[in-house]
Number of protein chains: 2
Amino acid sequence: MATAAPLRSRKAQIDRTATALFRARGFAATSMRELATELGLEAGSLYSHIKSKEEILHRVCFGLAEAFFAGFEAATAATSAPIATQLRQAIEAHVRVLTRDSAASAVFLHEWRHLSEPARSEFLALRDRYEAAFRSLIQRGIATAELHAPDAAFATLALLASLNWLPAWYRPDGKLTPDEIAHRLADQLLGGLLNERAAMSQ
Amino acid sequence: MATAAPLRSRKAQIDRTATALFRARGFAATSMRELATELGLEAGSLYSHIKSKEEILHRVCFGLAEAFFAGFEAATAATSAPIATQLRQAIEAHVRVLTRDSAASAVFLHEWRHLSEPARSEFLALRDRYEAAFRSLIQRGIATAELHAPDAAFATLALLASLNWLPAWYRPDGKLTPDEIAHRLADQLLGGLLNERAAMSQ
DNA sequence: CCTACCGATCGGTAGG
DNA sequence: CCTACCGATCGGTAGG
């Protein structure tokens, strides 16, 4: 009798378990033996599925980067929509990625510095591009007077910082659903950016 | 002829250098040999000044916690002042601690989880108390209608998250002074919280 | 503050 | 996927 096919590939299981450990203990403080034990196998056996510890980190960090970009592009595809609407969609898309896999998000946000070159620089370039995309949206909103902020760069940093703190306190079993959190965060953070006229027409 | 007294005690030098390394590479990925080399001595020699690697982390984390509390208490000492004013002072005090030593702040924010018990739990209790103090201030501001926010807990988290992102982008040699950054951040973050009447009277 | 060293643990590999 | 192992490195100590 054949054993049932695994629900996820072994490699995907390794990534998932490693991500949880990287988040809880940090990349450097997580040992491959610990990871193997958690998966019910021996340390050496991991290497028939992966090439190295860093390879896992690489996949997690760049996979999340892709998810963030995909969300942003879908949110801002309707270029004729009001900037405030596009920004709201982008915020909600960002929050959905953060809540869909908060462990991977935490690793994306804090463990990327353990990537070795050139991956580390490539990662930072992607992150900068993502920030620039938000900043550009906010700048256009200010230019068309749909948004108001004393400094677009500051506003962008503060906005993303508020969002990125989410994995630190989000609990999947909390009383708010991911969508409710996304709405509420968007309300609050847009509230500070909308100018009065726009706020009234909302 | 006696050698000149060191500008800082050796222990303080060790703490400073270790803090910079902990920030750059993370606590677990920083070796005592690396730290010793940076200070121009041998690894074993460190232990005539300190008891352990974790002792350094402990001092940094709890020292910063003390600095944050001291700033908050000074900022809110004038209990008869408008809540918005107290909150502004508290924000600016927080930013001044972050900019005065951004390396130690980054360690305080991200490396505390490498503390072993019971220090780790003690640290988290302090951090919770600090957050609660901000939340309480914001809640009182909402109660007296000086501030406006759909959810005080959310507003507190978003506020502190925005502030705590600062060590990630602050450069001591940047074009803005710490005080200018403090003012600007306070303007922006209070802007979203002040209700219209308070905003007009400002 | 150094020399010399300890036991423990690390990421990863060879061979099956 | 396991057994058995590699060289390297870790935090920390003894004795001076």
Side-chain angles (χ1 to χ4, degrees), chain A residues 1-22 24-61 107 111-117 119-120, chain B residues 1-22 24-61 107 111-117 119-120:
Chain A
M1 205 201 249
T3 53
L7 286 179
R8 288 190 198 89
S9 76
R10 203 47 153 162
K11 193 168 169 178
Q13 277 182 52
I14 291 173
D15 281 1
R16 258 197 99 70
T17 308
T19 299
L21 286 171
F22 291 169
R25 313 201 198 303
F27 176 80
T30 299
S31 78
M32 297 306 273
R33 280 154 181 86
E34 206 176 356
L35 172 57
T37 300
E38 197 103 342
L39 289 159
L41 38 80
E42 296 303 316
S45 309
L46 290 168
Y47 292 88
S48 42
H49 300 99
I50 59 161
K51 280 186 337 205
S52 69
K53 185 185 181 186
E54 185 174 337
E55 190 211 30
I56 306 174
L57 179 64
H58 189 283
R59 227 178 355 259
V60 174
C61 288
V107 170
E111 304 299 328
W112 55 266
R113 62 175 158 181
H114 295 288
L115 291 167
S116 54
E117 294 296 351
R120 185 183 152 122
Chain B
M1 205 199 245
T3 55
L7 286 179
R8 289 189 197 89
S9 76
R10 204 47 153 160
K11 193 167 170 178
Q13 277 182 51
I14 292 173
D15 281 0
R16 259 197 99 71
T17 308
T19 299
L21 286 171
F22 291 169
R25 313 201 197 303
F27 176 79
T30 300
S31 78
M32 297 305 273
R33 280 158 181 81
E34 207 176 356
L35 172 58
T37 300
E38 197 103 342
L39 289 159
L41 39 81
E42 297 302 318
S45 308
L46 291 168
Y47 292 88
S48 42
H49 301 99
I50 59 161
K51 279 186 339 207
S52 69
K53 184 184 180 187
E54 184 175 337
E55 190 210 33
I56 305 175
L57 180 63
H58 189 283
R59 227 178 354 259
V60 174
C61 289
V107 170
E111 305 300 327
W112 56 265
R113 61 176 159 180
H114 295 287
L115 291 167
S116 54
E117 295 294 352
R120 183 184 154 122

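Since we're looking at a predicted model, the values are computed, not measured. Within every chain, numbering begins at 1; the chains are lettered A, B, ... in the order of the sequence lines, protein sequences first and strands thereafter.
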Q: Rounding to a whole Å, what distance do you find between B:I50:CD1 and D:dG11:C1'?
A: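 In whole Å, D:dG11 C1' and B:I50 CD1 are 10 Å from each other.
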
Q: Please give me the minimum heavy-atom distance between B:F27 and B:K53, naming the atom from each residue.
A: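 The pair with the smallest heavy-atom distance is O-NZ, 2.9 Å.
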
Q: Between which residue ranges does DNA chain D form stems of three or more consecutive Watson-Crick or G-U wobble pairs, both distances under 3.5 Å?
A: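 Only these stems qualify: C:1-16 with D:1-16.
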
Q: I'd like to know if the side chain of B:R10 pairs up with that of B:Q13 as donor and acceptor (distance under 3.5 Å, no hydrogens or angles considered).
A: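 Per modelled atom types, B:R10 and B:Q13 side chains form a pair under 3.5 Å.
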
Q: Among residues 53-60 of chain A, which ones have heavy-atom contacts with DNA chain C below 4.0 Å?
A: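 Only A:K53 qualify.
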
Q: Give the minimum heavy-atom separation between B:R33 and B:A43, together with the two atoms involved.
A: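 Closest heavy-atom pair between B:R33 and B:A43: CG-CB, 3.6 Å.
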
Q: Identify the heavy atoms of A:L21 and A:L35 that sit nearest to each other, and give their distance.
A: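 Nearest heavy atoms, A:L21 then A:L35: CD1-CA, 3.7 Å.
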
Q: Which residue lies toward the 5' end of DNA chain C, B:H49 or A:M32, if each is placed at its nearest nucleotide?
A: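 By nearest-heavy-atom nucleotide position, the 5'-most residue is B:H49.
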
Q: To the nearest Å, give me how far apart CD (B:E42) and P (C:dT3) are.
A: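 After rounding, the gap between these two atoms is 5 Å.
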
Q: List the residues meeting side chain to side chain contact (heavy atoms under 4.5 Å, CB included) with B:E42, not counting sequence neighbours, and say none if there are none.
A: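 Result, side chain to side chain contact (heavy atoms under 4.5 Å, CB included) vs B:E42: B:S45.
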
Q: Can you confirm whether B:T30 sits close enough to B:E111 that some side-chain heavy atom of one is under 4.5 Å from a side-chain heavy atom of the other?
A: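 In short, these two side chains do not touch, never coming nearer than 4.5 Å.
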
Q: Please say whether more than 12 non-hydrogen atoms of neighbouring residues, nucleotides or ligands are located less than 6.0 Å from CZ in B:R16.
A: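 Incorrect, the count does not exceed 12.
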
Q: Considering just the side-chain nitrogens and oxygens of A:Y47, establish if one lies under 4.0 Å of OP1 or OP2 belonging to C:dG12.
A: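 Looking at the OP1 and OP2 atoms of C:dG12, one of them is under 4.0 Å from a side-chain N or O of A:Y47.
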
Q: Between B:S31 and D:dC10, does any side-chain N or O lie under 4.0 Å from OP1 or OP2?
A: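 For D:dC10, OP1/OP2 do have a side-chain N/O of B:S31 under 4.0 Å.
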
Q: Within this structure, what is the NZ-to-C1' distance between A:K51 and C:dG11, rounded to whole angstrom?
A: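 Roughly 15 Å, once rounded to whole Å.
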
Q: Atom CG of B:L35 to atom P of D:dG11: distance rounded to whole Å?
A: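 From B:L35 CG to D:dG11 P: 10 Å.
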
Q: When the distance from CG of B:L46 to P of D:dG11 is rounded to whole Å, what number comes out?
A: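 Rounded to whole Å, this separation is 10 Å.
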
Q: Quick one: are A:L39 and A:H49 in side-chain contact, heavy atoms under 4.5 Å?
A: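 Result no, sub-4.5 Å side-chain heavy-atom pair not found.
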
Q: If I take atom NZ in residue B:K11 and atom P in nucleotide C:dC1, what distance separates them, rounded to the nearest angstrom?
A: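 In whole Å, C:dC1 P and B:K11 NZ are 14 Å from each other.
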
Q: Looking at A:R59, I'd like to know if its CZ atom is crowded, meaning that more than 12 non-hydrogen atoms belonging to other residues, nucleotides or ligands lie closer than 6.0 Å.
A: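 Buried by this count: over 12 neighbours within 6.0 Å.
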
Q: Between P on C:dC10 and CZ on A:F27, what's the gap in Å once rounded to a whole number?
A: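 After rounding, the gap between these two atoms is 13 Å.
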
Q: Given that A:S48 and A:R33 both sit by DNA chain D, which one's nearest nucleotide is further toward the 5' end?
A: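 Closest to the 5' end, via its nearest nucleotide, is A:S48.
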
Q: Of the listed nucleotides (C:dC1, D:dC2, D:dG12), which one gets closest to any side-chain atom of A:S45?
A: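 Looking only at side-chain atoms, A:S45 lies closest to D:dC2.
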
